[in-house]
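Since the structure comes first, as structure tokens, the remarks are kept for the end.
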There are 2 protein chains.
Amino acid sequence: MTEHVSLAERYIAAWNETDDAERRALVAQLWSPDGRYVDPLMAGRGPSEIAAMIGAAQQKFPGFRFALRGKVDGHGDHLRFSWQLGPADGEGLIEGTDFCVVREGRLERVVGFLDRVPSDA
Amino acid sequence: MTEHVSLAERYIAAWNETDDAERRALVAQLWSPDGRYVDPLMAGRGPSEIAAMIGAAQQKFPGFRFALRGKVDGHGDHLRFSWQLGPADGEGLIEGTDFCVVREGRLERVVGFLDRVPSDA
């Protein structure tokens with residue numbers, strides 16, 4: 001379970017890292033070389049593509065930060081956790097839940113779902 | 001989205017089917033030949049194993065029924081939905097959320113998580 005929490009925390013940290021080189025390094029350490037990400041709005045395969053995809057998402061919401069919401073829940077090679085995205089000093093405006101498959105300690109597949117999206121987002 | 005709702009409904013129907021042959025048929029129509037299921041308590045691979053696994057779960061909770069809880073949410077080849085399990089005429093005692101990966105209209109991978117488990121379950 002500690003590994004699941006660590007993965008979720010490092011995942012959120014990667015989504016919050018705005019320095020391109022630093023984010024690419026975090027993503028490469030966290031994801032499998034052929035790891036995949038998909039949610040209703042975007043998708044990426046492999047650390048380079050995923051790091052660039054996160055950078056593009058950050059551009060859409062400048063100054064916003066991701067934070068874990070509630071507990072990280074996992075069993076075996078699977079985990080889920082919920083998150084919020086909003087201004088660094090404010091409440092979360094967008095909320096979602098991500099589901100991950102882990103392989104050899106790295107993220108092999110992440111599927112994101114949106115729990116709450118403001119009507120004007 | 002209609003396909004996601006249909007898959008979720010057929011999935012719940014398979015979990016509620018207590019006739020072994022009928023359940024095996026429902027599972028075989030719903031899952032890929034190499035489809036996988038895993039949750040914190042059990043796992044199965046392929047329709048025969050999954051149908052038998054569901055039968056064993058039914059033995060633990062005789063007379064209980066599964067029902068969808070809330071909306072089915074999906075995008076592309078991915079869906080999630082929540083369910084409850086309890087007496088046919090009562091409220092849900094156990095609640096969970098399942099994440100599914102679909103391939104060619106069939107369930108390729110289902111990962112279940114428990115949202116609520118009574119302390120005496």
Side-chain angles (χ1 to χ4, degrees), chain A residues 1-5 7-8 11 31-32 34-45 49-50 53 57 68-85 94-104 106-119 121, chain B residues 1-5 7-8 11 31-32 34-45 49-50 53 57 68-85 94-104 106-119 121:
Chain A
M1 195 60 196
T2 309
E3 187 204 358
H4 293 150
V5 173
L7 283 168
Y11 177 88
W31 246 280
S32 294
D34 60 349
R36 283 180 281 170
Y37 176 89
V38 64
D39 71 20
L41 305 173
M42 51 192 163
R45 183 160 198 158
E49 210 172 290
I50 292 169
M53 178 199 77
L68 283 173
R69 184 165 57 92
K71 284 189 179 174
V72 176
D73 182 23
H75 57 85
D77 290 335
H78 305 276
L79 68 148
R80 64 169 174 170
F81 52 85
S82 296
W83 50 263
Q84 60 182 39
L85 172 65
I94 301 174
E95 297 179 342
T97 297
D98 287 5
F99 156 74
C100 312
V101 179
V102 181
R103 191 182 60 202
E104 296 173 2
R106 295 191 183 214
L107 298 176
E108 179 183 42
R109 186 169 199 160
V110 178
V111 182
F113 292 89
L114 296 171
D115 297 325
R116 177 177 171 232
V117 181
S119 53
Chain B
M1 195 59 194
T2 309
E3 187 204 357
H4 293 150
V5 173
L7 282 169
Y11 176 87
W31 247 279
S32 294
D34 60 347
R36 282 179 281 170
Y37 175 91
V38 64
D39 72 18
L41 304 173
M42 50 193 165
R45 183 161 199 157
E49 209 172 292
I50 291 169
M53 179 200 77
L68 283 173
R69 185 165 56 94
K71 284 189 179 174
V72 176
D73 182 24
H75 56 86
D77 290 334
H78 305 277
L79 70 147
R80 64 169 174 170
F81 53 84
S82 296
W83 50 263
Q84 60 181 38
L85 171 65
I94 302 174
E95 298 178 343
T97 297
D98 288 4
F99 292 84
C100 311
V101 180
V102 181
R103 192 182 59 202
E104 296 172 1
R106 296 191 182 214
L107 298 176
E108 178 182 45
R109 187 169 197 159
V110 178
V111 182
F113 290 90
L114 295 171
D115 297 327
R116 176 177 172 234
V117 181
S119 53

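Below, read A as the first sequence line, B as the second, and so on, with proteins coming before strands; counting in each chain starts at 1.
Of the atoms belonging to Leu41(A), not a single heavy atom falls under 4.5 Å from chain B.
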Donor-acceptor table for chain A and chain B, threshold 3.5 Å:
{"residue": "His75(A)", "atom": "NE2", "partner": "Gly112(B)", "partner atom": "O", "Å": "2.8"}
{"residue": "Arg80(A)", "atom": "NH1", "partner": "Asp115(B)", "partner atom": "OD1", "Å": "2.8"}
{"residue": "Arg80(A)", "atom": "NH2", "partner": "Leu114(B)", "partner atom": "O", "Å": "3.2"}
{"residue": "Arg80(A)", "atom": "NH2", "partner": "Asp115(B)", "partner atom": "OD1", "Å": "2.6"}
{"residue": "Gly112(A)", "atom": "O", "partner": "His75(B)", "partner atom": "NE2", "Å": "2.7"}
{"residue": "Leu114(A)", "atom": "O", "partner": "Arg80(B)", "partner atom": "NH2", "Å": "3.2"}
{"residue": "Asp115(A)", "atom": "OD1", "partner": "Arg80(B)", "partner atom": "NH1", "Å": "2.7"}
{"residue": "Asp115(A)", "atom": "OD1", "partner": "Arg80(B)", "partner atom": "NH2", "Å": "2.6"}

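Taking Ala43(A) as the reference, Val38(A) meet the side chain to side chain contact (heavy atoms under 4.5 Å, CB included) condition, with sequence neighbours excluded.
Ring pair Phe99(A)/Phe113(B) is perpendicular by interplanar angle, where above 60° counts as perpendicular and below 30° as parallel.
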